[in-house]
Structures are given as structure tokens and as C-alpha cells.
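I have placed the structure first, in the form of C-alpha cells, so that the comments after it can refer back to it.
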Amino acid sequence: MIKVGDQLPAATLFEYSEVEGNGCSIGPNPVDVAKATAGKTIALFALPGAYTPTCSAKHVPGFVEKFNEFKAAGVDEIWCVSVNDAFVMGAWARDQKTDGKVRMLADGSADFAKATGLTLDLTARGMGLRSNRYSMLVKDGVVKSLNVEGPGKFEVSDADTLLAQAKAA
């Protein structure tokens with residue numbers, strides 16, 4: 001499992017863009033994790049799935065609400081990563097009103113989740129292999145803090161916990 005001090009794994013996530021512009025086409029656009037984190041501070045949180053109860057009611061809204069505080073603490077971008085396709089993440093972004101605040105990044109084949117060692121097997125619930133719920137502060141591609149939830153929990157990966165870590169960094 002990835003730990004504090006480790007470099008994020010080489011992976012490509014995908015992002016759906018609502019509006020064409022700035023060199024971005026509408027539709028799934030690849031996001032090279034190494035290139036996208038270079039020279040930046042990223043507040044990254046991952047969760048089991050779009051539109052799921054805790055993720056939609058608590059996890060994403062907390063980061064959207066705290067956007068300005070994260071910026072003030074030196075965070076360049078906030079990323080939400082989930083094992084869903086880019087179209088689902090784009091629709092969920094609209095629903096959660098994340099535009100300009102939280103980048104909703106798809107890990108459709110769970111490659112990033114597998115590479116971090118932070119997978120969650122929800123096959124018995126009909127959801128297949130997913131990402132565990134966690135948050136991490138990443139500086140220039142290196143993990144500076146990591147908060148992994150226990151099974152079925154939402155106690156340490158919330159926006160307030162990561163924001164406190166970003167302020168202390």
C-alpha cells in the first residue's frame with residue numbers, strides 16, 4: 001500500500017469536460033498523474049463510487065464547501081478519484097456542482113486504485129473492484145499525508161481533516 005513519502009504511481013485518469021476550450025475537447029480527456037501533479041499541491045480524495053450515499057451526501061460536498069480554505073492553505077487543486085467512467089464522473093460533477101472547485105477524475109479500470117494498493121472489493125455487492133475511501137495531500141507527486149478509512153467508515157478522509165493537514169504543511 002502507498003505510504004507517506006512515496007511517489008504517486010504512474011497512471012492515467014480521465015476527466016469529462018462540459019465545455020470545449022483551452023485545448024480540452026468535450027468528452028473523456030486523459031490526465032497523466034505525474035504531469036498533472038508536477039510542481040503542485042493536490043488535495044486528493046478517493047471514494048468507492050459516484051452517487052453512493054456517503055460519497056454524495058458528505059464526502060464531495062465537504063471538499064466543495066472548503067474550496068476557498070484549501071486554496072488559502074496553499075492547495076492548487078482538489079481531486080476526487082473514483083472507479084467510474086469519465087461520463088459518470090462528469091454527470092456527478094454537474095450534480096454536485098464541483099465545476100472550478102473539484103476535479104472529478106475517473107479511474108475506470110481501477111488502475112490507479114490497484115497501483116496505490118488502496119482497493120476495496122465490493123463484488124459481493126455487485127460493484128466489483130473499487131477504490132477504498134481515503135484522502136491524501138500530495139506535493140509535487142509525493143504523498144505528504146494519507147488518511148485511509150476503515151471498512152464502512154467516514155471518519156478521517158473528510159475535508160476538515162485534510163484541510164488541517166494542508167494548513168500544517
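These numbers were taken from a predicted model, which means no experiment stands behind them.
- The main-chain N or O of V33 is found under 3.5 Å from a side-chain atom of T37 such that the two form a donor-acceptor pair.
- Grouping the Ile, Leu, Val, Met, Phe, Trp and Tyr side chains by contacts below 4.5 angstrom, directly or via other members, places F70 apart from W79.
- Residues V143 and K3 approach most closely at CB-O, 3.8 Å, considering heavy atoms.
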*Before giving the answer on salt bridge (charged side-chain N to carboxylate O under 4.0 Å, His left out), spell out for K66 and D160 the whole-Å C-alpha distance, their side-chain angles and the decisive distance to 0.1 Å.*
CA-CA 8 Å; K66 301 285 182 182; D160 287 330; 3.2 Å; yes
_Pair K101, I78 - check side chain to side chain contact (heavy atoms under 4.5 Å, CB included), show working._
CA-CA 7 Å; K101 295 182 178 180; I78 302 172; 6.0 Å; no
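- Under the 4.5 Å side-chain heavy-atom criterion for Ile, Leu, Val, Met, Phe, Trp and Tyr, V60 and L163 are members of the same hydrophobic cluster.
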*Going through the checks in order, is the side chain to side chain contact (heavy atoms under 4.5 Å, CB included) test met by V102 and F67?*
CA-CA 8 Å; V102 177; F67 171 76; 5.9 Å; no
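- No single ILVMFWY cluster, assembled from side-chain heavy atoms under 4.5 Å apart, contains both L137 and V148.
- Residue pairs meeting the side chain to side chain donor-acceptor pair (under 3.5 Å) criterion with at least one member in residues 111-122, sequence neighbours excluded, are D121-T123.
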Less than 3.5 Å apart, which donor and acceptor atoms pair up between the side chains of residues 39-57 and the rest of the protein, not counting sequence neighbours?
{"unit_1": "K40", "atom_1": "NZ", "unit_2": "E77", "atom_2": "OE2", "d": "3.0"}
{"unit_1": "Y51", "atom_1": "OH", "unit_2": "A91", "atom_2": "O", "d": "3.2"}
{"unit_1": "Y51", "atom_1": "OH", "unit_2": "W92", "atom_2": "N", "d": "3.2"}
{"unit_1": "T52", "atom_1": "OG1", "unit_2": "G49", "atom_2": "O", "d": "2.6"}
{"unit_1": "S56", "atom_1": "OG", "unit_2": "T52", "atom_2": "O", "d": "3.4"}
{"unit_1": "S56", "atom_1": "OG", "unit_2": "W92", "atom_2": "NE1", "d": "3.0"}

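- I2 approaches P9 most closely through the heavy-atom pair CD1-CD, 3.9 Å.
- Taking hydrophobic clusters as Ile, Leu, Val, Met, Phe, Trp and Tyr residues chained together by side-chain heavy-atom distances below 4.5 Å, L105 shares a cluster with Y134.
- Side-chain polar atoms of Q165 and N147 form a donor-acceptor pair below 3.5 angstrom.
- The nearest pair of heavy atoms linking V156 to S135 is O-OG, 3.9 Å.
- Between the CD atom in E149 and the CZ atom in F154 there is a gap of 7.0 Å [rounded to 0.5 Å].
- Without hydrogens or angle criteria, K139 side chain to K144 main chain gives no donor-acceptor distance under 3.5 Å.
- Hydrophobic clustering, with ILVMFWY side chains joined whenever heavy atoms are under 4.5 angstrom apart, keeps Y16 apart from F14.
- Going from atom CE of M104 over to atom CG of L13 covers 12.5 Å, rounded to the nearest 0.5 Å.
- With values rounded to the nearest 0.5 angstrom, H59 atom NE2 is found 11.0 Å from S82 atom OG.
- For the pair V64 and K97, the tightest heavy-atom approach, listed with the atom from each and the gap, is CG1-O, 3.9 Å.
- The two atoms that bring D85 and V88 nearest to each other are OD1-N, 2.8 Å, heavy atoms only.
- When Q96, M89, R103 are each tested for a side chain to side chain contact (heavy atoms under 4.5 Å, CB included) with C80, only one passes: M89.
- Pairing each heavy atom of V142 with each of Q7, the nearest pair is CG2-OE1, 3.4 Å.
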